[in-house]
Amino acid sequence: MRNILILGGTTEASALARLLAQRGDQATLSYAGRVESPRPQPVPVRVGGFGGVEGLVDHLRAQGVTHLVDATHPFAATMSANAVAAARIAAIPHVALTRPPWAATTGDRWRHVPDLTAAMEAIDGPTMRIMLALGRMHADAFAVRPQHFYLLRFVDQPLAPPALPHHHLVVDRGPFDMDGDARLMQAHRIDLILCKNAGGTGAQAKLAAARNLGLPVLMIDRPALPDRLELHDPQAVLRWLDHGADRGV
Ligand code: 3Y8
Ligand code: NAP
């Protein structure tokens, strides 16, 4: 009897959970516990860290997990590295369900930077009005560039106001839509969108809105991730479970 652990927190993880529930597969979806009310799931959910690689190995063994699917966000680099290491130690099949990176198309005005630090360096200049679409975890780091106005969007109301002297906070969870994001950008007279190359559809609306409004995007590229089998849609994961996982492909 298969017992699948999905490391979640993305649209694709939720889509996979729905497919597995429909097939009657035994699966658990795991959240880190970053937000107050994560999306309800059609499979059992666990919330919170495992305690590093060792803690994850213990969890895999104690729960009799037979397959590990890492469907975390492309910037969840620590979780993804731990998943590869723990699956190897526990000798269970592992696959990543991840979204291809976004690529600029006609009309896009993108500038790529390798990481958050480079993004901060890139905005070291005259005052701008920036849509900082990075969520809550990184907002305060931009206090090193206090001259800008920041449009922030968090999943939850923060316990303390963000440490940015000029900001407007929107509390909303995606997926978002292009018209809504365009209205938000116009209402706050945004000059620049700063975001991570998350990929997927849930956060893509702001890129289409920026393109239509002719606004530039500062795109933070993904961190390096360990070598692993990567699939790009939940149906491919079902095929892997049924045909490939136990043959090490
Ligand atoms: C806790 C679990 C689903 C998944 C929905 C997707 C789409 C909507 C768009 C913007 C960008 C951002 C952020 C974003 C989106 C989906 C997806 C996605 C980006 C939830 C969720 C959890 C999180 C954590 C949260 C982070 C933050 C990032 C906000 C659930 C809603 C900016 C990613 O307040 C905080 O501390 C939030 C932190 C990590 C990134 C950050 O660094 O701050 N996601 N988001 C997960 C856990 O506990 O394990 O409730 O569904 C999931 C979703 N957020 O099933 O419908 O699939 O990507 N999430 C980014 O880099 O773009 C918002 O505003 O335009
Ligand atoms: P991270 O920096 O790679 O992970 C840090 C630690 O958080 C991990 O070592 C692990 O703790 C714990 N953790 C992370 N993901 C977990 C999960 N799914 N289940 C249990 N523990 C988890 O990760 P992050 O960038 O903080 O992201 C945390 C979560 O938010 C992930 O689930 C990710 O998918 C989600 N997220 C979603 C989006 C989005 O746009 N959909 C964007 C960013 C993050 P231990 O070492 O103790 O095991």
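Positions are given from 1 along the sequence.
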> Got a sec, which hydrophobics cluster with Val217, joining ILVMFWY side chains under 4.5 Å apart, including via others?
Replying inline: Trp102, Trp110, Met131, Phe149, Leu151, Val170, Leu184, Met185, Ile190, Ile193, Leu207, Leu213, Leu215, Met219

> In the single-linkage hydrophobic clustering (I, L, V, M, F, W, Y; side-chain heavy atoms under 4.5 Å), do Leu60 and Leu97 co-cluster?
Replying inline: no

> Does one hydrophobic cluster hold both Val155 and Val171, with members joined at side-chain heavy-atom distances below 4.5 Å?
Replying inline: no

> For the side chain of Arg99 and the backbone of Ala198, is there at least one donor-acceptor N/O pair under 3.5 Å apart?
Replying inline: yes

> Which residues pass the side chain to side chain donor-acceptor pair (under 3.5 Å) test with Asp108, sequence neighbours left out?
Replying inline: Thr105, Arg211

>> Nearest 0.5 Å, please: how far is CG in Leu5 from CD in Gln26?
In response: 11.0 Å

> Can you say whether the rings of His73 and Phe75 are parallel (under 30°), tilted (30 to 60°) or perpendicular (over 60°)?
Replying inline: tilted

>> Asp227: which residues meet the salt bridge (Lys or Arg N to Asp or Glu O under 4.0 Å) condition with it, sequence neighbours left out?
In response: none

>> Determine whether Val43 and Ile4 satisfy the following criterion, side chain to side chain contact (heavy atoms under 4.5 Å, CB included), listing intermediate values before the conclusion.
In response: CA-CA 11 Å; Val43 298; Ile4 301 144; over 6 Å; no

>> Please enumerate all residues that pass salt bridge (Lys or Arg N to Asp or Glu O under 4.0 Å) together with Arg228, with sequence neighbours excluded.
In response: Asp70, Glu230

>> Under the rule for side chain to side chain donor-acceptor pair (under 3.5 Å), what residues qualify as partners of Arg46, not counting sequence neighbours?
In response: Ser30

> So, does His167 use its side chain to make a donor-acceptor pair with the main chain of Tyr150 at under 3.5 Å?
Replying inline: no

> Under a 4.5 Å side-chain heavy-atom rule over Ile, Leu, Val, Met, Phe, Trp and Tyr, are Val69 and Leu229 clustered together?
Replying inline: yes

> With sequence neighbours excluded, what pairs up with Arg129 under the side chain to side chain donor-acceptor pair (under 3.5 Å) test?
Replying inline: none

> If you draw a 6.0 Å radius around CD in Glu54, do more than 12 non-hydrogen atoms from other residues or ligands fall strictly inside?
Replying inline: no

> What residues form a ring-ring contact (aromatic ring centres under 6.0 Å, His included) with His59, not counting sequence neighbours?
Replying inline: Phe50

> Atom CG in Leu132, atom CG in Leu169: separation rounded to 0.5 Å?
Replying inline: 11.0 Å

> Taking atom CG of Leu194 and atom NZ of Lys196, what is their separation to the nearest 0.5 Å?
Replying inline: 11.0 Å

> Where the side chain of Thr10 meets the backbone of Thr72, is there a donor-acceptor pair that is under 3.5 Å apart?
Replying inline: no

>> Using the salt bridge (Lys or Arg N to Asp or Glu O under 4.0 Å) criterion, which residues pair with Arg136? Sequence neighbours excluded.
In response: none

> How many angstroms lie between atom CD of Gln147 and atom CD1 of Ile130, to the nearest 0.5 angstrom?
Replying inline: 7.5 Å

>> Strictly by side chain to side chain donor-acceptor pair (under 3.5 Å), give each pair with a member in residues 168-195 just once, sequence neighbours left out.
In response: Arg153-Asp181

>> Going by salt bridge (Lys or Arg N to Asp or Glu O under 4.0 Å), name the residues that satisfy it together with Arg23, two or more places apart in sequence or in a different chain.
In response: Asp25, Asp242

>> If hydrophobic clusters are built by linking Ile, Leu, Val, Met, Phe, Trp and Tyr wherever their side-chain heavy atoms come under 4.5 Å apart, do Ile92 and Leu7 end up in the same one?
In response: yes

>> Would a single hydrophobic cluster contain both Met79 and Leu225, if residues Ile, Leu, Val, Met, Phe, Trp and Tyr are joined by side-chain heavy-atom contacts under 4.5 Å?
In response: no

>> If you apply the rule side chain to side chain contact (heavy atoms under 4.5 Å, CB included), what do you find for Leu238 with Leu16, and how did you get there?
In response: CA-CA 8 Å; Leu238 298 188; Leu16 176 62; 4.1 Å; yes

> Looking at residues at least two apart in the chain, or sitting in another chain, which of them share a side chain to side chain donor-acceptor pair (under 3.5 Å) with His112?
Replying inline: Asp221

> Going from CG on Leu20 to CD on Gln41, what distance comes out if it is rounded to the nearest 0.5 angstrom?
Replying inline: 11.0 Å

> With sequence neighbours excluded, what pairs up with Tyr31 under the ring-ring contact (aromatic ring centres under 6.0 Å, His included) test?
Replying inline: none

> Nearest 0.5 Å, what's the CG-NE2 distance between Leu116 and His138?
Replying inline: 6.0 Å

> Is there a side chain to side chain contact (heavy atoms under 4.5 Å, CB included) between Arg145 and Asp124 once you walk through the steps?
Replying inline: CA-CA 7 Å; Arg145 297 282 179 265; Asp124 180 11; 3.3 Å; yes

>> Tell me if a side-chain donor or acceptor on Thr28 pairs with a main-chain N or O of Pro44 at a distance below 3.5 Å.
In response: no

